[in-house]
Amino acid sequence: MEVPMSLNHSPETQIKLIARVPTITGRQLPEWFQAIDNGPSFLRCDERANWLADEHGLTHGYAAAIVHEHERHRRNRMGFI
């Protein structure tokens, strides 16, 4: 079982980053979630964030925020708190 990714920024900053994702990246969160799901099967969240940043030209801040949000949604779908 993977340990949840810790934020390198405040929860308030996470909310602001996620709100700006569509404007900054031109893609909605579900599109980014699908990219992560279809991407390499990294075990660690930081590896996923690095891949997302490198593969899609995102800043590491946005990539980490997207990965964190993806993990949060995934845990909610699986019934984890």
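Here, residue 1 is the first one in the sequence, and each next residue gets the next number. On a predicted model such as this, the values are computed, not experimentally measured, just so you know.
In this structure a side-chain-to-backbone donor-acceptor pair under 3.5 Å is missing from E69 to I66.
The nearest pair of heavy atoms linking W51 to G39 is CH2-CA, 3.8 Å.
Put simply, I24 and L17 are part of the same group of oily side chains (I, L, V, M, F, W, Y) that touch within less than 4.5 Å, one to the next.
In this structure, CD1 on I18 lies 14.0 Å from NZ on K16, to the nearest 0.5 angstrom. The distance from the CZ atom of R48 to the NE2 atom of H68 is 12.5 Å, given to the nearest 0.5 Å.
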Just distance, no hydrogens or angles: give the donor-acceptor pairs under 3.5 Å from side chains in residues 55-63, sequence neighbours left out.
residue: T59; atom: OG1; partner: Y62; partner atom: N; Å: 3.3
residue: H60; atom: ND1; partner: N50; partner atom: OD1; Å: 3.3
residue: Y62; atom: OH; partner: R20; partner atom: NE; Å: 3.1

Identify every side-chain donor-acceptor pair in residues 26-36 under 3.5 Å, counting partners at least two apart or on other chains, and give the distances.
residue: E31; atom: OE2; partner: Q28; partner atom: N; Å: 2.9
residue: W32; atom: NE1; partner: T25; partner atom: OG1; Å: 3.0

### Message
Please evaluate residues E71 and C45 with respect to the criterion side chain to side chain contact (heavy atoms under 4.5 Å, CB included), reporting the C-alpha separation (whole Å), side-chain torsions for both, the decisive distance (0.1 Å), and the verdict.
### Response
CA-CA 8 Å; E71 286 300 305; C45 289; 3.5 Å; yes
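Every residue two or more places apart in sequence or in another chain that forms a side chain to side chain donor-acceptor pair (under 3.5 Å) with D37 is listed here: H70.
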